Protein chains: 2
Amino acid sequence: MSVTALSPRRSSQRAQKEQHILSAAEKVFAEAGFGGATMQLIADMAGLPKANLHYYFATKEDLYRRVVRDIFEIWLHAADVFDAAPGPAEGIGAYIDAKMEISRRHPHGSKVWASEVMHGAPVIQDYLETTLNDWTDGRVALIQRWIDEGKMAPVNPRHLLYMLWATTQHYADFNHQIETLNHGKPLSERQWREAKNSVKAVILRGIGVA
Amino acid sequence: MSVTALSPRRSSQRAQKEQHILSAAEKVFAEAGFGGATMQLIADMAGLPKANLHYYFATKEDLYRRVVRDIFEIWLHAADVFDAAPGPAEGIGAYIDAKMEISRRHPHGSKVWASEVMHGAPVIQDYLETTLNDWTDGRVALIQRWIDEGKMAPVNPRHLLYMLWATTQHYADFNHQIETLNHGKPLSERQWREAKNSVKAVILRGIGVA
DNA sequence: TCAATTCCTGACCATATGGTCAAGGCAAAG
DNA sequence: CTTTGCCTTGACCATATGGTCAGGAATTGA
């Protein structure tokens, strides 16, 4: 039994390969769902034999778990802009921008997350109950403070958060529908700006800060 | 080869049984996704042998197709309230109410629909390109007219529609998350009213009609 | 150069799943 | 009552899939 640590070179290469696999897996899980995804598909997408895939990730569930957790991290960090803000106009505006950017850059991840939650969150239920719950409570309190200070209209903070999540993630989760309704083409740079501005305009005016 | 029509009694019983199966299938597809759903699970849920299930629906895809199309119908009919309205306050307000009610009454169907679109709409792509596209164009034109008539703030109608879809369907598609953040309990009657009102308040004020 | 360790892979296995089928049950028309 | 045709079902099949494994290839440290 050896306790030798991997050499830095090996360790880095391994991390790199894991990342490559995770990226392929994210795409396959997003496009086919957990049930529809196969290890063979993921292996093909990553360009390696299935057996090799199993060397890095023992089971399909392990791989899936990693994908979902990575998304969750990104998701949570989008909130950083929220806290630093002096008021709702800046905080919520920046949050919308950040989440829209995530929808644009990580559409696959967003779908995996949505799928996971829709199916009852079998692998991240504990995260929902702890981390997400705490995060939400914090944000609700912050928004309530803004309301109490007269900085925005009195809106139920929890439902406002849901609206923010829903509207921004919609551009990732339903991007196929949006593309279809956009003559089959992805949103252009200009159209993404328009989308961001539209969402921000309605929400910010909706909470009385614009 | 017989061309005898089914007796009314038989025909009705068959329709009833099909409906029962469709209901079970909707639930299973929603909870497990197309790939994760099995004919055995659906049969168990409907309380009949798998072979009997195959008598009514030849293949899993047939069954799925029927489920998705049924949802789509409901989805489209929610728009009826939209058209009759004299202006945005009534039309969009009623539309939000209608779609929130659908999220409440048909959470399974909404999830199946979301899943279908997220996975690239393999079975209803043609509907998206024809029916939904036309429907959307009509609604966009109507909203634009309201804007031109000065009845509401100038908001990109298409993105406004996306916001309406996103916010209302969120309560169905992510109901597990919402329940988890609600101390593990489903929204009460009162909380549903609060949700509806919150969404309407932000959106309607956001488009300048409240 | 030479172990030691990590990495890679084709072949293989057990199981689950969509779908089939033949035989029997049952309602209703004649 | 009998026949006709729909309905029901246990048993069965072919295939796909998650996962294993033994042995070989690379890489690393001494």
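Only a predicted model underlies this, so the values are computations on that prediction, with no experimental measurement involved. Note: hydrogens, waters and symmetry copies are ignored here, and every other heavy atom, side chains too, is used. A, B, ... follow the sequence lines: proteins, then strands. Residue 1 opens every chain.
Scored by the side-chain hydrogen bond (donor to acceptor under 3.5 Å, both in side chains) test, N182(A) finds Q191(A) as partners (sequence neighbours excluded). Every salt bridge (charged side-chain N to carboxylate O under 4.0 Å, His left out) that D137(A) has, sequence neighbours left out, goes to R158(A). Applying the side chain to side chain contact (heavy atoms under 4.5 Å, CB included) criterion to S23(B), with sequence neighbours excluded, gives no partner residue. Evaluation of the salt bridge (charged side-chain N to carboxylate O under 4.0 Å, His left out) rule for R145(B) yields no partner, not counting sequence neighbours. Listed by chain and number, the residues in a side chain to side chain contact (heavy atoms under 4.5 Å, CB included) with H176(B) are A121(A), Q125(A), L128(A), T180(B) (sequence neighbours excluded). Under the salt bridge (charged side-chain N to carboxylate O under 4.0 Å, His left out) criterion, E90(B) pairs with no residue at all, not counting sequence neighbours.
At the phosphate of dT6(C), neither OP1 nor OP2 sits under 4.0 Å from any side-chain N or O atom of R14(A). For dC8(C), one of the phosphate oxygens OP1 or OP2 lies less than 4.0 angstrom from a side-chain nitrogen or oxygen of K17(A). Note on Y56(A): a side-chain N or O is less than 4.0 Å away from OP1 or OP2 of dC8(C).
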Nucleotides 9-22 of chain C: protein proximity per nucleotide (B base, S sugar-phosphate only, - neither; heavy atom, under 4.0 Å): BB------SBBBB-

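Applying the ring pair (Phe, Tyr, Trp, His ring centres under 6.0 Å) definition to pairs two or more places apart or across chains, those involving residues 48-67 of chain B are F29(B)-Y64(B), F34(B)-Y64(B). Contacts classified as side-chain hydrogen bond (donor to acceptor under 3.5 Å, both in side chains) and involving residues 91-103 of chain A (residues at least two apart or in different chains) are given here: Y95(A)-W165(A), D97(A)-K200(A), K99(A)-Q169(A), E101(A)-R105(A), E101(A)-K196(A). Listed by first and then second residue, the salt bridge (charged side-chain N to carboxylate O under 4.0 Å, His left out) pairs involving residues 16-33 of chain A are R14(A)-E18(A), E18(A)-R66(A) (not counting sequence neighbours).
Looking at residues 25-33 of chain B, you'll see that no heavy atom sits under 4.0 Å from any atom of DNA chain D.
Side chain of S110(A) to main chain of H106(A): no donor-acceptor pair is present (N/O by atom type, distance under 3.5 Å, no hydrogens or angles).
Each end of the helix from dT1(C)-dA30(D) to dG30(C)-dC1(D) yields a helix axis from five base pairs, and these two axes differ in direction by 10° (to the nearest 10 degrees).
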